[in-house]
Amino acid sequence: MAGRAGRPAGNAYLCRTVRATPGRPAARKMPRIALFPGTFDPFTTGHADIVERGLALFDEIVVAVGCNAAKRPMLAAEERVARISRLYAGDPRVRCAAYEELTADFARRTGARFLLRGVRSVRDFEYERDLADINRRIAGIETVLLCCDPALAALSSAAVRELAACGCDVSEFLPPEKTNPKE
C-alpha cells in the first residue's frame with residue numbers, strides 16, 4: 001500500500017537493505033572518538049558523570065587536560081593527567097592527555113571527530129553553543145552537549161578549589177581515588 005506521494009505506508013521508505021558487493025570488502029566504520037576538554041582542576045564527580053554517560057555515545061573518550069598559563073591551577077597538569085588516568089585505568093575506552101594547543105587542533109591530532117561538553121546552566125549552554133559554532137566553522141568538528149545531572153548542577157572545579165583552600169573536606173565532590181597498582 002502506498003502512502004502520500006507514492007511512498008510506502010508508514011516509515012518503510014526510511015529503511016533500505018544494503019548488500020555488500022561481491023569481492024569488495026565492507027566499508028570500515030570509523031571509531032567515534034570524542035575529546036572531552038577542560039582544565040579539570042580538579043576532576044569532579046560531575047566530570048566523571050559526563051564521561052560515563054558519553055561512553056554510551058562514543059567508542060572512545062579522550063579526556064584532554066588543558067594547560068592555560070593564564071589560569072593558576074591548584075594541581076600541575078601532570079598530576080591531573082595521572083589522577084584521571086588512574087581513575088580510568090581499567091577502561092581502554094578512556095584515555096587522558098594534556099595539551100596546550102588549540103582544542104580543535106588537539107582533537108584533530110587525537111583522531112577525535114567530536115567534542116564532548118557538559119552544561120549545568122543556561123549560561124554554560126550559551127558559552128558552549130558559541131564555542132561549538134566556532135569549532136564547527138574552523139575545524140568541522142561537532143560538539144555534543146550533555147546536560148549535567150541536576151544533583152551535580154552546583155558543582156564546579158572552582159567551588160571545589162575554594163572549599164579545599166578553606167580546609168574543607170571535598171572528597172564527596174571527587175571520584176574515589178584509585179591507587180596505582182605499580183606503586
Does one hydrophobic cluster hold both Leu145 and Tyr127, with members joined at side-chain heavy-atom distances below 4.5 Å? no
Does a salt bridge link Arg113 with Glu142, judged by any charged N lying under 4.0 Å from a carboxylate O? no
Excluding sequence neighbours, so at least two apart, what forms side-chain hydrogen bond (donor to acceptor under 3.5 Å, both in side chains) with Glu79? Arg83
Does any N or O in the side chain of Asp105 come within less than 3.5 Å of the main-chain N or O of Glu101, such that one atom is a donor and the other an acceptor? no
Passes side-chain contact (heavy atoms from CB on, under 4.5 Å), Val65 versus Cys96? Steps please. CA-CA 7 Å; Val65 175; Cys96 185; 3.7 Å; yes
Between Arg117 and Pro37, is there a donor-acceptor pair closer than 3.5 Å when you use the side chain of the first and the backbone of the second? yes
Joining Ile, Leu, Val, Met, Phe, Trp and Tyr whenever any side-chain heavy atoms lie under 4.5 Å apart, the cluster holding Val160 also takes in Leu152, Leu155, Leu163, Val170, Phe173, Leu174
Testing the basics here: between Thr39 and Arg80, what is the closest heavy-atom pair and its distance to 0.1 Å? O-NH1, 2.7 Å
Mind checking what makes side-chain hydrogen bond (donor to acceptor under 3.5 Å, both in side chains) contact with Asp149, not counting sequence neighbours? none
Quiz: residues 47-58 side-chain donor-acceptor pairs under 3.5 angstrom, not counting sequence neighbours:
unit_1, atom_1, unit_2, atom_2, d
His47, ND1, Thr44, N, 2.9
His47, ND1, Thr44, OG1, 3.2
Asp49, OD2, Arg53, NH1, 3.0
Arg53, NH1, Cys147, O, 3.0
Arg53, NH2, Cys147, O, 2.8

On a heavy-atom basis, which atom in Cys67 and which in Ala77 lie closest, and how many Å separate them? SG-CB, 3.5 Å
Do Leu116 and Leu35 have side chains that get closer than 4.5 Å, going by heavy atoms? no
Taking the side chain as every heavy atom from C-beta outward, state whether Phe43 and Val63 have any atom pair closer than 4.5 Å. yes
Note, Val62 side chain near Ile33 side chain (heavy atom, < 4.5 Å): yes
To the nearest 0.5 Å, what is the distance between CD1 on Ile61 and CZ on Phe36? 8.0 Å
Taking all non-hydrogen atoms of both residues into account, name the closest pair between Ala104 and Asn135 and its distance. CB-OD1, 3.8 Å
Please report the closest heavy-atom contact between Phe106 and Ala64, naming both atoms and the distance. CE2-CB, 3.7 Å
Got a second to check how far Ile141's CD1 is from Leu115's CG, nearest 0.5 Å? 4.0 Å
Taking every heavy atom of Leu87 against every heavy atom of Pro176, the minimum-distance pair comes out as CD1-O, 3.6 Å
I need the full list of salt bridge (charged side-chain N to carboxylate O under 4.0 Å, His left out) pairs touching residues 54-66, with sequence neighbours left out, sorted by first then second residue. Arg32-Asp59, Glu60-Arg95
Pair listing, side chain to side chain donor-acceptor pair (under 3.5 Å) test, anchored in residues 154-176, at least two apart: Asp169-Ser171
Grab the two heavy atoms, one from Val81 and one from Ala97, that are nearest each other, plus how far apart they are. CG2-C, 4.0 Å
How long is the straight-line distance from OG1 of Thr143 back to CZ of Phe114, given to the nearest 0.5 Å? 10.5 Å
